[in-house]
Each structure stands twice: as C-alpha cells, then as structure tokens.
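Because only heavy atoms are used, hydrogens play no part in the values below, and waters and symmetry mates are left out as well, while side chains stay in. By convention in this document, chain letters (A, B, ...) are assigned in the order of the sequence lines, proteins followed by strands, and residues within each chain are numbered from 1.
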Number of protein chains: 2
Amino acid sequence: MPATPYLRVDGARLWRNIDRTAARAAAAGVALRPHVKTHKSPEIARMQRRAGAAGITVATIGEAEVFVEHGCDDILIAYPVWVDDASALRLRDLAGKARLAIGVDSIQGAGRAGLFLGDTDVEALVEVDSGQHRSGAAAGDAGAVAAAAQRAGLRVRGVFTFPGHSYAVDGPGRAAADEARTLREAAGSLRAAGIEPTVISGGSTPSLEHTDTDVVTELRPGVYVFGDAQQWELGTMQPDDIALTCRSTVISHAGGRLVLDAGSKALGADRAAFSSGFGRLLEHPDARLVLLAEHHVVADLGGAPLPPLGSQVDVVPNHVCSAVNLTDTLHVEESGNLWAWSVAARGRND
Amino acid sequence: MPATPYLRVDGARLWRNIDRTAARAAAAGVALRPHVKTHKSPEIARMQRRAGAAGITVATIGEAEVFVEHGCDDILIAYPVWVDDASALRLRDLAGKARLAIGVDSIQGAGRAGLFLGDTDVEALVEVDSGQHRSGAAAGDAGAVAAAAQRAGLRVRGVFTFPGHSYAVDGPGRAAADEARTLREAAGSLRAAGIEPTVISGGSTPSLEHTDTDVVTELRPGVYVFGDAQQWELGTMQPDDIALTCRSTVISHAGGRLVLDAGSKALGADRAAFSSGFGRLLEHPDARLVLLAEHHVVADLGGAPLPPLGSQVDVVPNHVCSAVNLTDTLHVEESGNLWAWSVAARGRND
C-alpha cells in the first residue's frame, strides 16, 4: 500500500457518480460538459466521455494542453482568457488539434482575443455573472461583448455562467434561480445584437438538481465525480456517494484527541463559511476536524473511543479539487484491486 | 517570461532574510536548523547551510529523502513519526547517508520507533506541546517518553516544540513565553528521568524575536526566508522583506473590481482568523482580497484606479509554505537575471 497520507478513490462510487449525472443530463435533454479541474485525470475524462459527455471544460490553457495530448477533442476553457503573444500561439496550436472555445467577459478582452485568433476556428462564449461576483459581464452587456468578439472575427457560440454562490446554506436553489434568470437575459442580449446563441451553459454540483433545463442547453459540473465534505455538509451529496478520501495514519493522541498525518498539504486549506471544520471523517460522522496544519489534522471525537495509534482513517477533504491538485497520483480501489492514475494536469495553472 | 500565475522570488530579499536570521542566531549563541518545508528547494537549503545553519528540519520522511539526495547530511524530522515496516526501511536507508533524528510524542510511539530503529544511529527528540495543541506530549511527560525511547535503544537528543500559537494577534510574545516555560519543564522532566538533553529546540518565524535563547539551544523557523501576508499582517515581517509573490495577470474588471488569474490553486486557501482576506497585493497595500476561487482572486481597491486588463500584479500569499507546495518551479529574479529553481520536495507528504 502507498505511504499515508494518500488519496484513495472508490472506483465503484466514481462510476456510479459519473453514470448518475450523465443519466440526469440525458433525461433532461441537455449536454454534459464536465469540468475536469476536479480530477485533472485523462482516465476519468475518458470515462465521462464514454458515459455521454459532449466534451470537457477546463479552466486554463495548460489544462487544455494536457487533455488534448491525451486525446480530448472538444474543449471549453470556461475562463475569460487574456490573450497575448505567448498564449495566442498555444491556443492556435490547440485549435489545430481539437474543437476549442474560450470565455470572454469584456469588450476589450473579446476584441483582443479576436485580434489574435480571429482567423482560427476558436469560438467564444460570453461569461456572465449570475451572482457569485467573481468574473463575468453583466447579463445585459452580453450582447455588446458578443458583438465585439464577432466583429473581431470570432464565432460566438453562446453564453455561460458559474452559479458559484450555490456553495452556501440555502444556496443551491437560489443560485439555480439566479442562473436561469441571468442566462435568459444574456441570451436575449445576444439575440438583440443579432447573434443567436447555440449554447447556453451553466451548472454546478450543488445546484445541479435545481438547474432550469428549459433555459440551459449544457451543464458543466465538476465535483460530482468524487464529492467532498462541502457537498456532504450542503446535503447535495450523501456520505455514501463520496468517492475520494485521504487515507491517513493516526500518529498521536495528544491532548486526548485524534491527530492524523493528513494536513493542509494533502487536503487543502479550504474552509467555507458553512463548513463544520477542516473536512470530515468518513467513518466518524460526529467527529469535527478542529485544527489543520501542514502535516497534521486534529479531530475531536467528542469523547468517543479514539482509533489506535498507527491505524488508518479516511479523511474527506472540504474541497476535493484542491486536494487532488496537491498530488500526482490517485490510488483507485475497486473489488480489492488497487491501481494508480496520474493527476496529469496537476499544477497547470498557466 | 513564464506564463502567469507563477511564483517569483526576489533574490536579494531572500539572501537578506537568510543572512539576517543566521546572524540573529549566531549573536544569541544558538544553533539554527531551518525548516525547509517552506521552500522545499535544495538550492535554498544550501544557502542556509552556507550562512551557518547547523542542519535542516523537515516534516516528513519524503522530504528528508529529497534533501539527502541533494547532499544534506544532518536532518531532523520534527514530527512524531509512526514507524512501520515500510517507513523503518526508509529511515534506515536515510540513517546510512545522513545524521538523522526523529520526533516522538508518546511512550507507545517511542517504543515502536526503538523496536524498528534501536540498532541504528537514528536519534529521538521528544516533542512537547507548548500551547498550539496539535501534537506533542505534555511537558511533564517528556521524561517518561524519553525513557521509553532510551529503553528501546534510541539515543535521546533532547526536546522540541513548535509554538504555533504565535500565529495570532498578540501571539508572538505570548507563544514565546509559553515555549520557554514548556521547554524548561520538559528538559527538567528528562533530567529527572536521568537523561540530559543536549538539544532544546524551538522557534517559529512570528515569535523569533521573542524566543528565550537562555532556554532554547536551537531555532527551527521556516517562513522567514520568504515572508508572506500572515507575517505582514502580524507585523513580524515588513512588506519590503517579502521575497516571494505570485505574479498574476489582470483578466477582468467585472463589477468594478480587480480580477486576477491567481487563485487557490496557485496561492493556497489558507486564511487565518486574523487575515484581512486571501492574501495581499504588494504594490496596493490598501487593497483587500475579498474572494478566492481556484483560478480567480478578486481584489477590492476601495475606489482606487484599477490596473489595466492584461497588466501584471504581485500577490502576496497568506501562507507561503502552501503556495510553494503548489508549484514545481520558483522563478528567481535578481539584478535583472531570471532563473528557475526546482521545488524538489513538492508534494512529499509521505
């Protein structure tokens, strides 16, 4: 077995999560374009495609390069890419190997993308802000951004948003409603500018069951493949859906608490406002992870007997995308077999 | 230039930080054994040794393996290592190549370490808890743990603590006082058990100037080489000491705010209770980083003019150890020259 801490994937749960979300999209008659930033693994992307995904979503050019190298042929970079000489060369190279679209969220960014890429097949989707207030144009400005892209020579595929404010108590339903309203307005803004959107793209794992599939034509969830403590605590995935844990060793009982050799360098340090702590223990649902250091996580078991020194415990990271990005290898277990997958796009923020 | 986001090291500031702390330790007549988990880079460890460090500190066997491979010959694994068949083999191999010590914090752990390593030159230091409440025995139990290690065949070098509760407003002075009291008691506990500690080890970057060098014989700070937003906001390092930033591109002005292409996958998601946000901007000290996503950080500049789209901005991570562990390469700049160092021990949690 690998030395702890390591990330362990439950193969059966992974397949089940992939199939369930694919079936949901198919039943709703919308395309599924999963965000692969969660797993960064070509093997899992291939499983998603085999289950019916129309293509994949990535966040960076670097991620796109890795997945194209591993055979992905239809990629959306769902990010307002700022194009310069160096990134234009990379995007042109990608466009020669795969169907490629990028995000734009400003007239200036769209015009610049067109300047560098207007003579290629790279398409643009206008990102709009549906309430997370991260990036994205206002919905009413989407038509102007799309028109700037089109004037600069880019074919405009449509609009997208990430309803990331679904990550809150009572967030999923509210964020999905905001998403539907925003995307409808943005699509209208494109039409008013004379551009018919062929794709209206949304979705996030927490809001997935609330997504208005009369509005969106494409879903881009990521986390659903593995689940994590955030999904568990939001109630959007159940503990027995969770397909990835950090297998850890009990290294101390200092202070009468459980001290594990997982820490922020294995789990990530994400902690949402609604989180109960720094993750959860799969087999000890009442435990609270009260202290996180780089190589320690301390669990309060509320007086329950502590697992012995040297025993192994499964930690559920708060945010699985962060945990996966910290390792080069996922150790997959199914039916007693153990094998390794490469997190091939780890660290590709570029 | 590398594609953003990337970690940029200011070489002149790095040398200055290394020299200043080395001089402080020398002036106080104590050994410096820097924790290399901050930089994970053999080049920087070599600079620390050349500046007078007595050896290095690491957190994991995996880190020790990388640094031994790169020529380090004196290593403390400042962690209560749980020894098993596999880790014993690795520790025995390391002990053949370098002077090696490990932490123990329980009678059971010490006995077990001795069982596997009692016939080697591996030494033990007893970890004690000085107030962070992470790992570490109670000071009064240190003698019993040391005696168990000695009975099992390990030579006991002494005691150590990490006063990690220095990471709080008014923490540095208080933590240093706790550290001195705890280490004095722990050393007394060893002596009462008939074991004379030759090393009494402490130190953390925030508490460094308060450390009682009449008590400790060795300092193990890590962050001082680079500094970060935590040190800046605690007031324990000044902005012009900060030697590492995440160079980022302005990719959006959505909502009238500054959106940068650095995010939690480049900066880490650490956010202490005292932090003003998700990091700081070196050239915009009044800005607050109000939203962090995997590939976005959103800055509120309080009405000040926004740097233009496509321009580059230096983000100071909250916790530099986390940021460094996310990349394979540090881009070092000095006197107009740019070169790359490998983060050779990145991800070595094992």
Please classify the contact between [X] and chain B as side chain, backbone, both or neither, with a heavy-atom cut-off of under 4.5 Å.
{"X": "A:Asp84", "result": "neither"}
{"X": "A:Asp261", "result": "both"}
{"X": "A:Arg90", "result": "side chain"}
{"X": "A:Asp105", "result": "side chain"}
{"X": "A:Tyr79", "result": "side chain"}
{"X": "A:Thr60", "result": "side chain"}
{"X": "A:Arg271", "result": "neither"}
{"X": "A:Ala266", "result": "both"}

Mind checking whether [X] and [Y] have side chains closer than 4.5 Å, heavy atoms only?
{"X": "B:Glu63", "Y": "A:His295", "value": "yes"}
{"X": "B:Thr4", "Y": "A:Asp350", "value": "no"}
{"X": "A:Arg134", "Y": "B:Leu291", "value": "yes"}
{"X": "A:Asp328", "Y": "B:Arg346", "value": "yes"}

Identify which of [options] forms the greatest number of heavy-atom pairs closer than 4.5 Å to chain B.
{"options": "A:Leu309, A:Leu326, A:Val259", "answer": "A:Leu309"}
{"options": "A:Asp270, A:Leu292, A:Val83", "answer": "A:Asp270"}
{"options": "A:Pro5, A:Gly255, A:Ser106, A:Gly347", "answer": "A:Pro5"}

Enter the distance from A:Asp129:CG to B:Ser252:OG here, rounded to the nearest 0.5 Å.
-> 9.0 Å
Once you round to the nearest 0.5 Å, how far does CG of A:Asn349 lie from OG of B:Ser264?
-> 8.5 Å
Please find the pair of heavy atoms, one from [X] and one from [Y], that lie closest to each other, and give the distance.
{"X": "A:Ala254", "Y": "B:Gly136", "result": "CB-O, 3.4 Å"}
{"X": "B:Lys37", "Y": "A:Lys265", "result": "O-NZ, 3.0 Å"}
{"X": "A:His133", "Y": "B:Val298", "result": "O-CG2, 4.3 Å"}

Go through [options] and name the one with the most non-hydrogen pairs under 4.5 angstrom from chain A.
{"options": "B:Gly310, B:Gly109, B:Ala59", "result": "B:Gly310"}
{"options": "B:His319, B:Gln132, B:Arg112", "result": "B:His319"}
{"options": "B:Ser322, B:Pro80, B:Gly164, B:Ala3", "result": "B:Pro80"}

For B:His253 and A:Gln108, test the side chains for any donor-to-acceptor distance below 3.5 angstrom and give the result as yes or no.
-> no
If one checks every heavy atom of B:Arg257 against chain A at 4.5 Å, the contacting part turns out to be side chain
Toward chain A, the part of B:Leu258 with a non-hydrogen atom under 4.5 Å = neither
